[in-house]
Amino acid sequence: MTSSLSRGRPPRVPSHISVRVAHAVLGAAAGLVWLVLPGMTSQNEAPVAIKEPGPAASAAAAPADEASGTDLVLPVAAVGAAGLLAGYGYIRRVRRTRDRTTPGSAATPPPPASDPPPAGPDEEAREALVLADDRLRAARAELGFAEARYGPEAVAPFAAALAQAGQEWAVAARMRQRYDHGEPAEEAARRHALAGIVGRCAEAERRLDAEAEDFAGLRRLTENEGLEAALAVAEERFRELAGRALAADSVLAGLRERYAPTATAAVVGNLEQAKDRLLFSTTRLNRARQSADTGDMDRAARQLRSAEGAVTQAAVFVDGVERRAGELRAAEETVPAALTGAQAELARVRRQAPPDGTPEGELRSRLLNADAVLASVRQEITARRPYDPVAVLRRIVRAVGAAVPERGGVLGAAALLVARASADAAEDRVATHRGVVGATARTRLAEARRLLADGDPADRTDADALALEALDLAERDVLAHGTPYTGPDAGPEGAAGTGGAVLGGVVPAGDPESGPPSGF
């Protein structure tokens, strides 16, 4: 089968042959001129004056008995000229080859207005996952404000459509997770899997599209009454969050005094970013009212939806601080019981025969390692210095889990607490930075959520590891992109919080004034 590269390659052979023939003809012509030049210049004709004599002038002025030397010089010069022409042709061919983007393609660069090359199946699947996830998250934010205005019964059909769309995306994320781990292995099956991912994401978006008109009819943001009611809901939530942010500031200060720095690392900048989103929402709420006063209802609706998206993300930041405080308190209370339960589990394993397939020496090594970890934890918590209770629980769970794969009781509860804390931290980072977080972080997070939802205690350590990987990947994406908003400053009011809103995916980087991406 002819490849797309071969089909799109213009024929180049005739042009190459014509260039080579031209070079040969030019070389031969130059050589012929040099060979007949001595016959054309007779002694009876006046010599051509040369102001600055060079090698050729010296040869012409030589005695007649040196004519044989001149006869040798002219053919050599002819050969040299032909060589120069051939070298020039060779240099042109080399430069033309270096300028090519594909073998045999034309050297002319594409015009500035040409479309970029199409993405491959793998990149297309990644983009589909990101775009569909962004729409789901935007739709959840819109649905929350609609429910606050009209109640749960009025938004029930849209909540059902959103749940169905979320299920489609979850299947696509699961397929991507398996694909990243080499399943399926056959090339044809892998191409089919990528196509399936794109199809599932398209179906998720289609389910949202099917409800878009009815959802817009419910909210009626382009009508005075609907817009006024939605503005009232957004402003009330804004005021509530502003008060909670002040209270959370003192909560975070207390956590930083009580625990080690790693305990609050995931939320250390939350309140600054919450204030940034609230500042952005203030600007957009004011613009919405101004646009409504001038009768520009479409622009007013866009500004309002941008404000709603920013308020939603501000709530995520504030919730994260409050939730972290609860996680640290619960972990701190669980650590003593987890140590006791771990010691009992290790003693039980020592009394029993090794599990099937586990060498006795390997089991003994795992038990010794668990003993060392437990001793280190006891020393850390009795040193009367600030420590990270969640991290301590994670060390206990992982060390004992290597020797006791299936566990319940207090160790199972500790594993669940740790995994949920990691998944929630990763969820917050993706939700508030979705403008730059890629498909891999979202896929790992979705897999961690799936394992936790299944409820198998044996999967909780894996869920924790996947959530931590998702958090790390999301942070790398944020660091790699920085603040993607590079538009001109619009003054203190216009540019306030725009960079953070772009990072959060509340507004697009290319045109922040165009409003947020669509949900429903």
Side-chain angles (χ1 to χ4, degrees), residues 244-271 274 316-347 369-404 407-429 448-449 451-452 455 457 459-468 470-472 475:
R244 287 179 56 199
L246 292 176
D249 200 359
S250 61
V251 171
L252 182 59
L255 296 179
R256 297 177 70 174
E257 290 179 2
R258 181 176 180 83
Y259 301 106
T262 58
T264 57
V267 297
V268 70
N270 275 31
L271 297 181
V316 173
F317 285 122
V318 176
D319 290 343
V321 173
E322 297 172 348
R323 187 189 64 247
R324 190 59 175 175
E327 291 168 350
L328 291 172
R329 286 195 301 269
E332 190 174 19
E333 295 172 356
T334 307
V335 166
L339 282 171
T340 303
Q343 196 66 48
E345 287 292 330
L346 295 179
N369 177 71
D371 289 337
V373 170
L374 296 181
S376 174
V377 166
R378 287 192 183 91
Q379 183 178 2
E380 183 175 351
I381 64 177
T382 56
R384 299 188 180 278
R385 290 193 300 267
Y387 70 97
D388 183 350
V390 175
V392 164
L393 274 186
R394 180 177 290 112
R395 289 166 58 193
I396 296 173
V397 168
R398 290 185 175 182
V400 178
V404 189
R407 58 193 179 277
V410 65
L411 289 179
L416 182 60
L417 189 157
V418 168
R420 282 178 174 171
S422 301
D424 288 341
E427 176 66 33
D428 288 356
R429 189 55 54 93
R449 291 291 194 194
L451 293 177
L452 289 175
D459 291 335
R460 290 169 183 172
T461 301
D462 291 338
D464 177 52
L466 285 166
L468 290 176
L471 178 60
D472 180 65
E475 289 176 345

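The one candidate from V397, V418, V335 that meets the side chain to side chain contact (heavy atoms under 4.5 Å, CB included) condition with V392 is V335.
Atom CG of N270 is separated from atom CG of D319 by 10.0 Å, given to the nearest 0.5 angstrom. Here the CG atom belonging to L417 is positioned 9.5 Å from the OG atom belonging to S422, to the nearest 0.5 angstrom. Annotation: the span from L471 atom CG to L466 atom CG amounts to 12.5 Å, rounded to 0.5 Å. Atoms OG and CG, on S250 and L255 in that order, are 9.5 Å from each other to the nearest 0.5 Å. How far CG of L339 is from CG of L393: 8.5 Å, rounded to the nearest 0.5 Å.
The existence of a salt bridge linking R420 and E427 is excluded, since no basic side-chain nitrogen approaches an acidic carboxylate oxygen closer than 4.0 Å.
Between A467 and A448, the closest heavy-atom pair is N-CB, 3.9 Å. T334 and A414 make their closest contact through CG2-CB, 4.3 Å (heavy atoms, listed as atom of the first residue, atom of the second, distance). Nearest heavy-atom pair across R398 and L468 is NH2-CD1, 3.6 Å. Listed here is the closest heavy atom pair of A370 and A399: CB-O, 3.7 Å.
Side chain of T382 to backbone of R378: a donor-acceptor contact under 3.5 angstrom is found. Distance alone, capped at 3.5 Å, places no donor-acceptor pair between the R324 side chain and the V267 backbone.
At a threshold of 4.5 Å between non-hydrogen side-chain atoms, the residues L452 and D459 do not count as touching. You'll find the side chain of P386 stays beyond 4.5 Å of the side chain of E257, heavy atoms only. R323 places a side-chain heavy atom less than 4.5 Å from the side chain of D424. At a threshold of 4.5 Å between non-hydrogen side-chain atoms, the residues D249 and V321 do not count as touching. L271 is listed as a side-chain neighbour of L252, based on a closest heavy-atom distance under 4.5 Å.
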Under the salt bridge (Lys or Arg N to Asp or Glu O under 4.0 Å) rule, what do R394 and D388 come out as? Steps first, then yes or no, please.
-> CA-CA 10 Å; R394 180 177 290 112; D388 183 350; over 6 Å; no
Carefully, step by step, assess V390 and L328 under the rule side chain to side chain contact (heavy atoms under 4.5 Å, CB included).
-> CA-CA 6 Å; V390 175; L328 291 172; 3.9 Å; yes
May I have the step-by-step check of side chain to side chain contact (heavy atoms under 4.5 Å, CB included) for L411 and E345, ending in yes or no?
-> CA-CA 9 Å; L411 289 179; E345 287 292 330; 3.8 Å; yes
Verdict with reasoning, R244 to E322, per salt bridge (Lys or Arg N to Asp or Glu O under 4.0 Å) = CA-CA 10 Å; R244 287 179 56 199; E322 297 172 348; 2.8 Å; yes
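Counting only N and O atoms by type, the side chains of E332 and Y387 include no donor and acceptor under 3.5 Å apart.
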